[in-house]
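Take a look at the structure set out below.
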Amino acid sequence: MHRRGLVFAFVALLASHPSAQNGPAPALSGVEGWLAPYRGNAEKLMSAAQADQFAWDRLAELTDTFGQRISGSDNLNRAIAWAVETMKKDGLENVHTERVMVPRWVRGVESLEITNPPLHNVPLLGLGGSIATPPAGIEAEVMVVANGDDLNKRAADAKGKIVLFNVPYTNYGETVQYRSGGASMAARHGAVAALVRAVGPMGLRTPHTGGMNYANEVAKIPTAAIPAEDANRVQRLVNRGVKVRMRLKMEAKFDPDVESFNVVGEIKGSEKPEEIVLVGGHFDSWDPGMGASDDGVGCVVTWEAARLMKKLNIRPKRTVRVVLFTNEENGTRGGTGYRDQHTTEAANHVLSVESDSGVFAPGRLGFSGSEAARKMIAEIATLLAPLGLQEISGGGGGADIGPISAVGKVPMMAYSGDSNKYFTIHHTPADTVDRIDPQEVSKAAAALSAMIYVVADMPQALPK
């Protein structure tokens, strides 16, 4: 039968099905069942995504031209203007920006040195949100602790010390608590500053920055991250009975909130334009590296879904909306701003997709939603077998799509890469495009394009 005839037959079948309006997913399954009409376009999208390294080249252009893109910076502002212009050149529709007020944390000059034993400089990165030291810095003996329990047991020894949390990396969720809350843990016991071992697998003596928060009831003390190698060195010295002293200097400060923008571009739906498949990543980054893996590549591979549909003249029934979110790293104002500006249409979002964990092999797709929706996603994923991405795991979601999805009870998906490779360079000077394989970028774009197309085009929306 002609492909168009298959589509008409499928629509007629759905219309006659008792659950066509509000019930569960259609009973037909498999690539040769209800998915058959979508195979051709899905294969075209996957083929086009892998035909060249366009997506990697776009990522390189972004990171080479604009570099780090911390919230409120001129670099981010210029990158936003470039994204708007580039989306228009791609032929996307309704391209515009949506204003968001964001925090502006400025790192300033910072340094750390061992003053006893012999003078030695230590690489560091102040943690985002930290206060400054006095101009002359803070010099004190270092107290090394293995974790929060160790600090609490030895609380009387912390007063007047620089507390170093030498907590080996296990996974991000377990270890990041010392980056986000270590300063307040230490301050409760009278510490004058806090240092944390880099939150990630050991790299090449690279510290990892990231956001931190102060508890309301304790004093604010300066805090920074140091490489695992330096944390281990200090640990060994202390274990030998050496009293290690360090001097920390930081100029960190908050300026008043400044104006920033989410960037929006669409492929307008042909039949149900009010129903939205939301895709994107966060366009801001921390300031030491180039924000290639976190999250320039996530922006590019989700953006590719719409660009490729436009290039191949594929217009699904529902609107595919690309959003490059601002300020995920130190405030999530972009995600909450999008929610606040689109609350009235939250329920019209049928799927939200985010990529914010790199594209390092092996990649995977995760899903969060109803069991009926999960079954449909699993069937759609059979189209991704040529990419080796047909298995759908849990864990769909993201910081930027989470707010609107919670309001609209929207199913969520995420593309993730190998976590050890990702977190080795995460929030470090090493987060550059050179560490990303062009083929993995193309594969991620291929998988997302095909998945997003089918969800946006199938007659019945994903069940919530």
Side-chain angles (χ1 to χ4, degrees), residues 22 24-26 34-35 38 41-42 45-46 264-282 298-299 301-306 308-309 314-325 335 338-339 342-343 345-357 364-384 389-416 444-464:
N22 299 305
W34 73 271
L35 276 173
Y38 305 101
N41 279 342
L45 288 163
M46 290 189 289
V264 181
E266 297 178 338
I267 297 291
K268 210 70 176 174
S270 61
E271 295 182 14
K272 301 177 180 181
E274 74 285 354
E275 295 186 8
I276 300 158
V277 178
L278 172 66
V279 303
H282 69 84
C299 291
V301 296
T302 48
W303 181 349
E304 276 290 273
L308 290 169
M309 288 180 201
I314 295 173
R315 184 177 293 275
K317 295 178 177 65
R318 295 174 186 83
T319 294
V320 175
R321 177 178 293 167
V322 182
V323 180
L324 311 182
F325 295 93
Y338 179 84
R339 175 201 63 198
H342 296 273
T343 297
E345 61 176 3
N348 291 343
H349 289 63
V350 300
L351 178 67
S352 299
V353 183
E354 183 168 331
S355 177
D356 186 19
S357 296
R364 69 178 183 89
L365 283 165
F367 177 81
S368 297
S370 69
E371 187 56 32
R374 181 184 299 278
K375 289 179 180 177
M376 292 193 76
I377 292 293
E379 291 190 17
I380 297 169
T382 61
L383 296 171
L384 309 183
L389 291 169
Q390 66 271 31
E391 297 297 326
I392 301 295
S393 66
D400 288 309
I401 62 174
I404 190 71
S405 298
V407 174
K409 297 180 173 55
V410 186
M412 296 185 290
M413 292 196 73
Y415 189 95
S416 303
L448 289 164
S449 298
M451 176 64 69
I452 290 162
Y453 155 68
V454 176
V455 171
D457 198 52
M458 59 190 191
Q460 191 175 19
L462 283 175
K464 294 188 178 181

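The two residues Ala445 and Glu304 have their closest heavy-atom pair at CB-CB, 3.9 Å. Between His349 and Glu345, the shortest heavy-atom distance links the atoms ND1-O, 3.0 Å. Shown here for Ala373 and Pro463, the closest heavy-atom pair between the two residues is CB-O, 3.3 Å. The minimum heavy-atom distance linking Ala461 with Val350 is given by the pair CB-CG1, 3.9 Å.
Taken from OG1 in Thr319 to NZ in Lys268, the straight-line distance is 4.5 Å, to the nearest 0.5 Å. Considering CD1 of Ile380 and NZ of Lys375, their distance stands at 14.5 Å, rounded to 0.5 Å. Here CE of Met451 is found 12.0 Å from OH of Tyr415. Values are rounded to the nearest 0.5 Å. Note that the CE atom of Met458 and the CE atom of Met376 stand 4.0 Å from one another [nearest 0.5 Å]. Distance OG/Ser368 to CD1/Ile377: 11.0 Å, rounded to 0.5 Å. Taken to the nearest 0.5 Å, the CD atom of Glu354 stands 8.5 Å off from the OG1 atom of Thr302.
Scored by the salt bridge (Lys or Arg N to Asp or Glu O under 4.0 Å) test, Glu371 finds Arg374 as partners (sequence neighbours excluded).
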Derivation of the side-chain hydrogen bond (donor to acceptor under 3.5 Å, both in side chains) call for Asp457 and Tyr38:
CA-CA 8 Å; Asp457 198 52; Tyr38 305 101; 4.6 Å; no
Kindly determine whether Leu35 and Leu383 satisfy side-chain contact (heavy atoms from CB on, under 4.5 Å), including the steps that lead there.
CA-CA 9 Å; Leu35 276 173; Leu383 296 171; 4.1 Å; yes
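Counting only distance, with no hydrogens or angles, the side chain of Lys272 and the backbone of Pro459 share a donor-acceptor pair below 3.5 Å. Between the Arg321 side chain and the Val264 main chain, no donor and acceptor come within less than 3.5 Å of each other.
Side-chain contact between His282 and Asp356: present, with at least one pair of heavy atoms (C-beta onward) separated by less than 4.5 Å. Residues Leu351 and Ile452 form no side-chain contact, since every pair of their non-hydrogen atoms from C-beta on lies 4.5 Å or further apart.
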What donor-acceptor contacts under 3.5 angstrom involve side-chain atoms of residues 392-414, with partners at least two apart or in another chain?
residue : atom : partner : partner atom : Å
Ser393  : OG   : Arg364  : NH1          : 2.3
Ser393  : OG   : Leu365  : O            : 3.3
Ser405  : OG   : Ser352  : OG           : 3.0
Ser405  : OG   : Ile401  : O            : 2.7

